[in-house]
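Every number for a ligand or one of its atoms is a count from 1 in the order of the listing.
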Amino acid sequence: MARQHARDVARDLLQFIACSPTAAHAVAAAAARLDAAGFRRLDERDAWQLAAGDACYTVRNHHALVAFRVGRGDPAQVGFRLAGAHTDAPGLHLKPNAAYLNQGYLQLGVEVYGGPLLASWVDRDLTLAGKLFVREPKGPPRPVLVHGDRPLCRIPLLAIHFQRDVNEQGLKFDKQKHLPPIVGVGGARDLKFERLLRLLADGAGVDLKRVVACDLEVVDTQPPALGGLDDSLIFAPRIDNLAGSHAALTALIEQRRPGAASSVIALFDSEEVGSQTVAGAGSFLVDGVLERLTALAGGGREAYLRALARSFQVSVDAAHAVHPNHAEFHDANHRVELNRGPVLKINAQQRYATSPETAHWFEHCCQRAKVPVQRYIHRTDLTAGTTIGPISATRLGVPTVDVGSAILSMHSIRETGGAFDQELMIKALGQHLAS
Ligand SMILES: [Zn+2]
C-alpha cells in the first residue's frame with residue numbers, strides 16, 4: 001500500500017519530466033501545476049500586494065521560477081524556509097545558423113551545454129525542443145514552446161569496422177566534428193532547415209512567417225518509465241534535476257496551510273554552466289522576492305537582513321548512488337543507495353554548502369517526517385561536482401544544506417533513479433518548508 005503510493009508519486013514525477021524536455025518547458029509545467037493549485041502569478045515589473053497565507057509565483061526569463069506561501073509571522077522574527085533546485089540539464093543546443101549540407105545529408109551544428117555524457121547521445125532517436133519567438137503586433141517577440149513529437153534527428157556512431165579497438169579505447173568525440181546530428185538525406189532542394197522549423201511551428205499552431213528566431217535543443221524521444229523488478233527503478237532523462245524541482249514544487253503545493261515563516265522555492269536556470277546568469281542561482285532573483293516579502297510585511301532593509309539571518313535553505317540536486325560495476329569509485333564508508341531516502345551531500349572543499357548545523361537541521365526534518373537519510377562524500381582523490389547550494393548560500397548568507405536523491409549515470413541522456421525516493425524527498429522538504 002505504502003509502496004503503491006510511492007509509485008504513484010514516481011509516476012507523477014515521470015509525467016513532469018515528460019512535459020519538460022527543456023528548462024523553459026519545466027518552468028511552464030511547474031507554472032501550470034501552481035495555477036491548478038490556486039497560486040497567483042506575479043510579474044516582477046509590477047507592484048505586489050501580499051497577505052499572510054497568499055500563495056504566489058513569479059517567472060524570470062522563461063527558465064526560472066520562484067514560488068512561495070506567505071507565512072503568518074514577521075519575517076524579521078521567523079525568517080524564511082527556502083528550497084532550491086534547477087531546471088536545466090546538460091545537452092546539445094542548436095547553433096544560430098545550425099543547418100548545413102554535408103555529403104548529401106542535412107546536419108545541425110550544435111554546441112555542448114554543461115557536461116553531458118556524450119556517448120549516451122549517439123545512436124538514439126532524437127528530436128528538437130525549445131522556443132520559437134513569434135512576432136507580435138506590439139512589443140517584443142513572444143516565445144512559444146515547441147517539442148517535436150517524433151524522431152527528427154540522430155547522431156550515428158561510426159561502424160566498428162572503422163575503429164576495431166573502440167570497445168577497449170572508449171568512444172572519443174571531437175565536439176565540433178562528431179556531434180552534429182543528421183536530419184535527412186537527399187538534395188539541397190528537399191533538405192531545408194525551414195521544413196524542420198515548419199514541422200515544429202505547425203505542432204505549436206504557429207505561423208512560420210511570424211517566427212523571427214528560435215532557441216532549440218536536441219532531446220531524447222524515449223518516454224520516461226518505471227522499470228526493474230517491482231517497478232522499483234526510474235529510467236528517465238533529466239532526473240538531475242527535474243526530480244529536485246518536482247520535489248520542491250510538490251512539497252510547496254501540498255503544504256496547504258502557511259507556516260509561521262514564508263515557504264519559498266526557487267527553480268533556477270543555468271546550474272549546469274555555473275549559475276552566473278540572469279535566472280541562475282548567482283542572480284538577484286530570490287533576494288528580490290525575499291526583500292519584497294519583508295517589505296510587504298512592513299519591514300525595511302534592516303528587517304530583511306534580520307530575516308535572512310533567521311532563515312534556512314535546502315538545496316536539492318541529484319546524488320551519486322553506488323555503481324555496482326564501479327564500486328571502487330565510491331568512498332567505502334559513504335556508499336549511498338537507490339530507494340534508501342534523501343542523501344546529505346558533504347564536502348570539505350565546500351563544493352556542497354552543508355555544515356554540521358545544516359546537516360543536523362535536515363536530519364531533524366527527516367526524523368520528523370519518518371524518512372531515512374544517507375550521507376555522501378566524494379572520494380578524496382576525485383573532484384566532486386557542485387550545485388546551487390554554495391552559490392545561493394554565498395549570495396544570501398543563509399545557512400544551507402545540500403541534499404539529493406541518489407541516481408546512476410548522472411548527466412547521461414537517460415539516468416536511473418529509485419522509484420521510492422521521490423516520495424521520501426517530498427516528505428522531508430514538506431517538513432522543512434512548514435517548520
Ligand atoms: Zn544537477
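A cation-pi contact links R3 to F420, judged by a cut-off of 6.0 Å to the six-membered ring centre and 45° from its axis.
By the 6.0 Å contact criterion, CD on E44 is enclosed, its count of non-hydrogen atoms from other residues, nucleotides or ligands being greater than 12. For E337, the CD atom sits in a packed shell: over 12 heavy atoms of surrounding residues, nucleotides or ligands are nearer than 6.0 Å.
Listed by chain and number, the protein atoms of type N/O/S under 2.8 Å from the Zn ion (ligand 1) are H86 NE2, D240 OD1, D317 OD1, D317 OD2; waters are omitted.
Listed by first and then second residue, the ring pair (Phe, Tyr, Trp, His ring centres under 6.0 Å) pairs involving residues 258-284 amount to none (not counting sequence neighbours).
Evaluation of the salt bridge (Lys or Arg N to Asp or Glu O under 4.0 Å) rule for D287 yields R395 as partners, not counting sequence neighbours. The salt bridge (Lys or Arg N to Asp or Glu O under 4.0 Å) check on R41 picks up nothing, with sequence neighbours excluded.
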